[in-house]
2 protein chains.
Amino acid sequence: MFSIRDYVDRNVSRNSTTSRVSTGSTTKRPTIKDVAAQAGVSISTVSLVINDKGYVSDQTRERVQEAARKLNFVPRPAARALPSKTTGNVGFVVRDDHFRRTEPFYTGVYLGTEFEANNRELYVLLTTIPTEYVPGKHTPRFLREQNVDGILVAGKVAPAFLAEASTSGVPVVLIDFEHDTLPAAVIDNRGGAHAATRHLIDRGHRHIALVGGDMDHPSLHARREGFQLACFEAGLSPDQVQFIVASEGESDYATGTVLAKRLFANGAVPTAAFCINDATALAVIDQAAGLGLKVPDDIAVVGFDDVPQAKHNQPALTTVRVQTDHLGELAMRYLVDLIEESRSRKVRPGRDPHRITLPTELVIRDTT
Amino acid sequence: MFSIRDYVDRNVSRNSTTSRVSTGSTTKRPTIKDVAAQAGVSISTVSLVINDKGYVSDQTRERVQEAARKLNFVPRPAARALPSKTTGNVGFVVRDDHFRRTEPFYTGVYLGTEFEANNRELYVLLTTIPTEYVPGKHTPRFLREQNVDGILVAGKVAPAFLAEASTSGVPVVLIDFEHDTLPAAVIDNRGGAHAATRHLIDRGHRHIALVGGDMDHPSLHARREGFQLACFEAGLSPDQVQFIVASEGESDYATGTVLAKRLFANGAVPTAAFCINDATALAVIDQAAGLGLKVPDDIAVVGFDDVPQAKHNQPALTTVRVQTDHLGELAMRYLVDLIEESRSRKVRPGRDPHRITLPTELVIRDTT
DNA sequence: CTGAAAGCGCTTACAG
DNA sequence: CTGAAAGCGCTTACAG
């Protein structure tokens with residue numbers, strides 16, 4: 001390993017002050033006690049007011065609120081956590097390779113959860129886990145320390161992790177993934193795929209291919225179902241529909257390129273392709289261009305996800321928009337619901353978990 | 001707004017158990033008290049052992065450790081935070097538009113900090129701020145609550161935020177950005193650009209262009225310097241060197257496309273282009289292909305960053321690799337150093353802030 | 001080297 | 001509607 005010292009650049013200008021600046025006021029940060037004194041009430045009352053709990057007369061409430069405002073009082077998270085037996089944190093787990101992906105899908109989801117967490121006065125502890133998850137070894141610290149009130153799991157993860165999370169004692173909500181009976185916030189993959197396929201059919205296409213990598217993921221599986229349903233409804237016969245699908249591997253640009261070659265290698269090329277996601281669609285378009293085929297005249301292409309590149313591509317890609325932020329928000333709200341539910345022990349008798357489904361939107365651009 | 005209820009999918013199978021499973025053992029989580037009882041010592045001693053502080057005889061140390069292991073004791077973060085006046089958290093701030101970028105630069109940096117945070121028993125609170133930062137309005141919650149021991153700021157952010165962070169009373173380390181005298185962990189942009197340019201010159205090129213968007217960012221500025229230095233050292237005359245630079249706008253693919261058109265519009269096209277980053281380089285390559293120019297025969301291209309796409313591009317892009325994880329790690333270590341330093345009040349007399357520089361590596365592929 | 005005690009800043013029954 | 005008191009689970013001087 002290396003030492004930090006190895007990298008210190010001594011050529012930095014030295015005529016400088018330090019970065020640590022005092023907070024200006026010498027008085028230390030106020031506590032609930034200071035607020036109580038200022039308002040002339042007990043700390044119990046202050047606590048009730050800032051938590052909006054119990055019965056407090058309007059008059060004292062206002063007096064407390066004014067005192068808090070005047071002193072610039074902000075409760076310390078740790079001091080609240082200790083007696084209340086809650087942490088004020090939620091965990092956000094995603095596989096590292098997913099998080100690193102070029103398409104900013106999970107960063108969008110994360111930002112949505114962060115936004116909603118801010119509204120709910122929660123901190124989000126973002127942790128990545130490896131694809132090959134080994135329980136004791138890779139267990140997120142917040143699980144070991146039981147330092148969260150709930151857990152969000154984004155995307156596909158190892159079942160071993162889900163088992164661990166499920167037995168942690170706090171609610172778990174999956175995002176864009178499904179597993180057993182765990183509650184989940186998912187995209188309307190089937191509906192989106194159906195709309196996209198329907199759109200191709202409406203444009204007059206009758207020979208259509210589905211192109212995509214491994215369909216093992218529940219979301220991709222649902223997209224295939226939506227595609228099939230639309231084909232069936234339109235009365236297409238099986239020989240009008242092709243499935244260009246890899247038996248393994250991610251549905252990424254590289255896999256898409258391989259599949260596109262297979263697609264165009266066939267004698268009778270379909271007039272339209274529903275691609276399982278944008279990465280695949282972009283690969284198909286590039287391969288088509290390489291062969292001198294015109295999009296959409298020779299082959300129409302529709303994707304799924306509406307990644308940033310979709311809009312900028314030449315030609316701009318018709319696709320299904322997924323509002324990733326919104327998905328994260330939705331999941332966080334759902335999790336908070338479950339957390340509150342589990343606190344008011346009333347609803348113990350195992351309410352069934354739900355899937356919450358986020359609608360999608362077909363965005364018609366230049367490839368169809 | 002909408003309600004969560006609007007999205008509940010009632011078609012989910014209902015023959016299921018709830019996701020909330022008890023932890024198995026009915027006994028509640030052990031505290032330091034339980035460990036003390038088990039080991040037959042006081043809680044003070046247990047505290048000393050688990051924090052590796054003060055003098056404890058080897059014998060009692062072992063007895064305590066065994067007791068802790070046996071009971072599966074894990075200290076609660078909140079309980080430590082309260083009396084110790086530390087939070088165990090560090091803030092990680094990045095602009096939302098940067099975090100959403102297609103190139104996973106900042107996610108890589110984040111993962112590096114997370115990795116190192118795990119080693120140091122710290123939690124990272126990732127927060128995004130808008131480009132147009134308004135102090136009171138967008139202030140991260142961890143600042144309001146003073147809920148961090150230190151702050152990492154990744155990439156360019158509004159000066160108003162840096163001012164707020166600097167006066168928060170905790171150390172701040174910038175990542176891939178520089179500002180006044182704040183400590184920073186930066187990439188060796190100048191060195192990387194110098195090596196890349198030198199490489200072009202070594203390949204025999206004498207007419208070279210620098211291509212990139214707005215050079216306002218310190219990192220890009222440093223790259224330009226490295227480029228210029230290499231040109232100067234090689235004795236290139238000013239008329240052999242072109243600067244195709246936008247006066248504003250990000251150095252992204254779209255801007256790169258515009259610049260590439262300008263580059264190729266000139267009568268005398270250079271034989272090589274040093275692009276300020278990979279996004280720009282990829283745009284140049286695509287534009288060259290559109291004009292029937294061969295890369296690298298008609299024009300050699302080198303980028304900077306080594307984004308995932310660089311390797312997969314046809315032809316694969318020669319570029320300068322930046323180990324984003326490593327950068328994050330480095331910054332986190334630096335921050336922890338500063339935090340510890342600020343705790344042991346000895347080093348008060350304003351030590352000068354440093355820049356810690358991460359080396360880069362030239363990756364030669366097929367475009368040069 | 002070890003323990004008793006005070007205290008961190010809150011919440012939460014429990015009285016009144 | 002309000003307050004006194006106990007307690008959350010640790011850390012940290014301070015004695016010894």
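First the proteins, then the strands, lettered A, B, ... as listed; each starts at 1. Source: prediction; values computed, not measured.
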Measure the [atom1]-[atom2] distance between [X] and [Y] for me, rounded to the nearest 0.5 Å.
X	Y	atom1	atom2	result
T167(B)	L162(B)	OG1	CG	10.5 Å
L126(A)	L126(B)	CG	CG	6.0 Å
R333(B)	T113(B)	CZ	OG1	12.5 Å
R76(A)	K85(B)	CZ	NZ	6.5 Å

So what does [X] hit on the nucleic acid, given a heavy-atom distance under 4.0 Å: a base, only sugar-phosphate, or nothing?
X	answer
S57(A)	sugar-phosphate
K33(B)	nothing
T31(A)	sugar-phosphate

Parsed dot-bracket for DNA chain D after applying the Watson-Crick and G-U rules with both distances under 3.5 Å and | for other-strand partners is |||.||||||||.|||

Using chain B heavy atoms and a threshold of under 4.0 Å, write down where along DNA chain C the contacts begin and end, 5' to 3'. dC1(C) to dG9(C)

In terms of the nearest nucleotide of DNA chain C, which residue is placed more toward the 5' end: S42(B) or S84(A)? S42(B)

First of K85(B) and S44(B) reached from the 5' end of DNA chain C, by closest nucleotide: S44(B)

Quick test of your reading of the model: are D52(B) and R61(B) salt-bridged, counting only N-O distances below 4.0 Å? yes

Tell me whether R120(B) is salt-bridged to E116(B), with the criterion being a basic N under 4.0 Å from an acidic carboxylate O. yes

With DNA chain D as reference, determine whether V74(B) or G40(A) sits nearer its 5' end, using the nearest nucleotide of each. G40(A)

Please state whether the rings of Y334(B) and H354(B) are parallel, tilted or perpendicular, taking 30° and 60° as the class boundaries. tilted

Could you check Y110(A), F142(A), F99(A), Y123(A) and say which one makes a ring pair (Phe, Tyr, Trp, His ring centres under 6.0 Å) with F92(A)? Y110(A)

